[in-house]
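First listed ligand is number 1; within each ligand, the first listed atom is number 1. Side chains included, hydrogens not; waters and symmetry mates left out as well; all remaining heavy atoms used.
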Amino acid sequence: MLGTMHAWQAVSRGHDVVQVEREQQARGASVRNFGLVWVGGRAPGEELATARRARELWEEIGRQVGGIGFRANGSLTALRTPAEVAVAEEVVARPDAADRGLKFLTPDEVRAVNPALSGAMVAALHCERDAAVEPRVAQPALRQHLLATGRYTWLPGREVRTLLPHGVRDDHGDVHEADLVLLCTGAALGGLVREVAGEVPVRRVRLQMMQTDPLAERLTTSVADGDSFRYYPAYRGDALDALNRNQPQPAVAAEHKMQLLMVQRLDGSLTIGDTHEYDEPFTFDVDSAPYEHLVEVAESLLGRPLPPIRRRWAGVYAQHTDPAAVVHRDRIADNAWLVTGPGGRGMTCSPAIAERTATEAGL
Ligand SMILES: Cc1cc2nc3c(=O)[nH]c(=O)nc-3n(C[C@H](O)[C@H](O)[C@H](O)COP(=O)(O)OP(=O)(O)OC[C@H]3O[C@@H](n4cnc5c(N)ncnc54)[C@H](O)[C@@H]3O)c2cc1C
């Protein structure tokens, strides 16, 4: 998505773009994610500003390319204990709550916003700025739009192997001439990236996900559980410290560093996750125990059994090792930049990250 959004920016500014992808179709983090455009939990400062700008751009792009499935559906973080309520209350009392679109909802208000949530909760944190897109189809839809401009070429099944003074050479030996090269290689940090940029300040994180069959009811918002507070910087503060101290996660959730996020796809199915694995080598299979936990939490929030699980998968994203950095954007040669490491906010922030690169590179 980062590569595609850079192509979008360059084409919009009147340039010709060749996008080279080593797989036949993209297989990376960008098709494995929730498709959450997640604004509410961002760190104050550059990260929140980037996410807010990206949210605007997603909406604008969504108007031009209906196929990405952009919807301003907002999110609800379900609060089930007094400690979780305290975190939400602390956050909505802060001056930047309005920038994040955050509001505290009583159970009746929750049911008015999202009637499908009939399970146990004492309140919810509503973020009306959060949105969603369809990760499995967004890239092909964007590409189709770019192809129609006549200024975009898509070259799948070719791995970029060598950076040249005026372009790149791929693994077929073909040279693609260009004034500017943008390497958006996701979590592929060896090979080409190591050769041209050495060791970069980026680590990899592996997550487990699943998708159900369609739910008979419409979920009007995305949904998170109170454990998600532990993973997003916006919620840091005394109340979160108290939550971490006094409300330990269930053993399986603590072991796999879990939160519940749940988004309804346009076909009615639910994408549900996730886990976080930080130490490599990563496991190559998916563990069952986290799925059992996610099913239990999702069912308790919905107040009904989940539809059968249709598929399970894992994905890996690249994350800058400095939590304050939104992305690793490095000019690695006169004619080339490396842009990677947006972390768990890469889908959200990609349009704004690409816009910033375009400005910095003088496009
Ligand atoms: C399970 C999961 C859930 C997530 N949920 C969310 C979410 O809901 N919201 C959010 O904001 N973020 C989310 N993220 C993070 C987000 O998905 C990533 O930050 C983002 O997709 C990264 O995009 P990318 O283009 O940098 O990487 P990728 O999507 O991995 O793309 C990199 C591409 O580069 C190609 N490539 C690599 N090397 C070469 C080469 N030498 N030549 C040619 N091609 C090459 C790869 O084949 C790949 O297609 C999630 C991530 C995961 C794994």
Side-chain angles (χ1 to χ4, degrees), residues 1-7 18-42 47 50-51 54-55 58 75 130-136 138-139 142 154-163 168-172 176 181-197 202 204-211 222 224 228 231-232 259 261-263 271-277 282 286 312-320 326-329 338-354 357:
M1 188 52 80
L2 222 46
T4 307
M5 284 298 178
H6 280 83
V18 178
Q19 185 172 358
V20 186
E21 165 57 53
R22 69 179 176 186
E23 306 290 342
Q24 285 301 330
Q25 287 177 356
R27 281 283 172 278
S30 304
V31 295
R32 295 169 187 245
N33 62 41
F34 294 94
L36 285 171
V37 178
W38 207 241
V39 178
R42 299 296 154 214
E47 185 179 315
T50 305
R55 164 71 170 71
W58 271 117
S75 74
D130 288 342
V133 295
E134 293 296 284
R136 290 176 187 241
Q139 283 181 78
L142 290 168
W154 163 243
L155 289 181
R158 287 167 182 267
E159 182 169 324
V160 172
R161 294 293 294 271
T162 315
L163 177 63
V168 295
R169 182 181 296 113
D170 69 26
D171 58 349
H172 295 236
H176 309 284
V181 176
L182 300 171
L183 297 175
C184 301
T185 56
L189 304 172
L192 172 75
V193 171
R194 194 177 297 283
E195 263 177 49
V196 298
V202 174
R204 308 195 320 155
V205 181
R206 177 184 177 274
L207 289 74
Q208 285 190 196
M209 306 279 286
M210 67 180 179
Q211 189 173 351
S222 301
S228 67
Y231 295 97
Y232 294 100
Q259 60 181 336
L261 298 176
M262 176 161 63
V263 190
T271 304
I272 303 176
D274 58 17
T275 59
H276 295 93
E277 191 178 349
F282 295 140
V286 292
R312 297 174 168 84
W313 68 93
V316 174
Y317 63 66
Q319 181 181 47
H320 202 299
V326 169
V327 73
H328 178 66
R329 183 189 291 102
L338 172 66
V339 190
T340 184
R345 59 201 165 194
M347 194 68 168
T348 302
C349 295
S350 55
I353 289 171
T357 308

Nearest non-hydrogen partners of [X] and [Y], listed with the distance:
{"X": "Tyr317", "Y": "Ala187", "answer": "C-CB, 4.3 Å"}
{"X": "Gly186", "Y": "Thr340", "answer": "O-OG1, 2.8 Å"}
{"X": "Gln24", "Y": "Pro156", "answer": "O-CB, 3.3 Å"}
{"X": "Trp58", "Y": "Ser350", "answer": "CZ2-OG, 3.8 Å"}

Note the single closest protein heavy atom to [atom], along with its residue, its atom name and the distance in Å.
{"atom": "atom 9 (N) of ligand 1", "answer": "Leu36 O, 2.8 Å"}
{"atom": "atom 35 (C) of ligand 1", "answer": "Glu21 OE1, 3.4 Å"}
{"atom": "atom 34 (O) of ligand 1", "answer": "Cys184 O, 3.4 Å"}
{"atom": "atom 12 (N) of ligand 1", "answer": "Gly344 O, 3.0 Å"}
{"atom": "atom 53 (C) of ligand 1", "answer": "Gly315 C, 3.5 Å"}
{"atom": "atom 44 (N) of ligand 1", "answer": "Arg22 N, 3.1 Å"}

Can you tell me if [X] contacts ligand 1 (heavy atom of the residue under 4.0 Å from the ligand)?
{"X": "Val20", "value": "yes"}
{"X": "Asp274", "value": "no"}
{"X": "Tyr317", "value": "yes"}
{"X": "Arg161", "value": "no"}

Crowding at CZ, Arg158 (>12 non-hydrogen neighbours, <6.0 Å):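 Buried by this count: over 12 neighbours within 6.0 Å.
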Neighbour count >12 (heavy atoms, 6.0 Å) for atom CZ, Arg136: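 Counting other residues, nucleotides and ligands, CZ of Arg136 exceeds 12 neighbours.
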Per-atom contacts, ligand 1 versus [X] - under 4.0 Å to a heavy atom:
{"X": "Thr185", "result": "32 (C), 34 (O), 37 (C), 38 (N)"}
{"X": "Arg32", "result": "1 (C), 2 (C)"}
{"X": "Arg158", "result": "43 (C)"}

Does any N/O atom on [X] come nearer than 3.5 Å to any N/O atom on ligand 1?
{"X": "Val316", "result": "no"}
{"X": "Val160", "result": "yes"}
{"X": "Ala188", "result": "no"}
{"X": "Thr348", "result": "yes"}
{"X": "Ala187", "result": "no"}
{"X": "Asn33", "result": "yes"}
{"X": "Glu159", "result": "no"}
{"X": "Met1", "result": "yes"}

Out of [options], indicate the one that has the non-hydrogen atom closest to [atom].
{"atom": "atom 29 (O) of ligand 1", "options": "Ala354, Ser30, Gly28", "result": "Ser30"}
{"atom": "atom 1 (C) of ligand 1", "options": "Arg345, Met209, Met347", "result": "Met209"}
{"atom": "atom 19 (O) of ligand 1", "options": "Ala29, Gly157, Ala314, Gly343", "result": "Gly343"}
{"atom": "atom 2 (C) of ligand 1", "options": "Leu192, Val39, Leu207", "result": "Leu207"}

Side-chain (Arg32) to main-chain (Ala314) donor-acceptor, under 3.5 angstrom: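 Pair found, side chain donor or acceptor close to backbone of Ala314.
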Are the side chains of [X] and [Y] in touch, meaning some heavy atoms are under 4.5 Å apart?
{"X": "Pro342", "Y": "Ile353", "result": "yes"}
{"X": "His328", "Y": "Leu338", "result": "yes"}
{"X": "Glu47", "Y": "Arg42", "result": "yes"}
{"X": "Val286", "Y": "Met210", "result": "no"}
{"X": "Leu142", "Y": "Met1", "result": "yes"}

Separation between OG of Ser222 and CH2 of Trp38, rounded to the nearest 0.5 Å: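 Output value for this atom pair is 5.5 Å.
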In a check of side chain to side chain contact (heavy atoms under 4.5 Å, CB included) between Leu2 and each of Thr357, Leu183, Val339, which one passes?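 When Thr357, Leu183, Val339 are each tested with Leu2, the side chain to side chain contact (heavy atoms under 4.5 Å, CB included) holds only for Val339.
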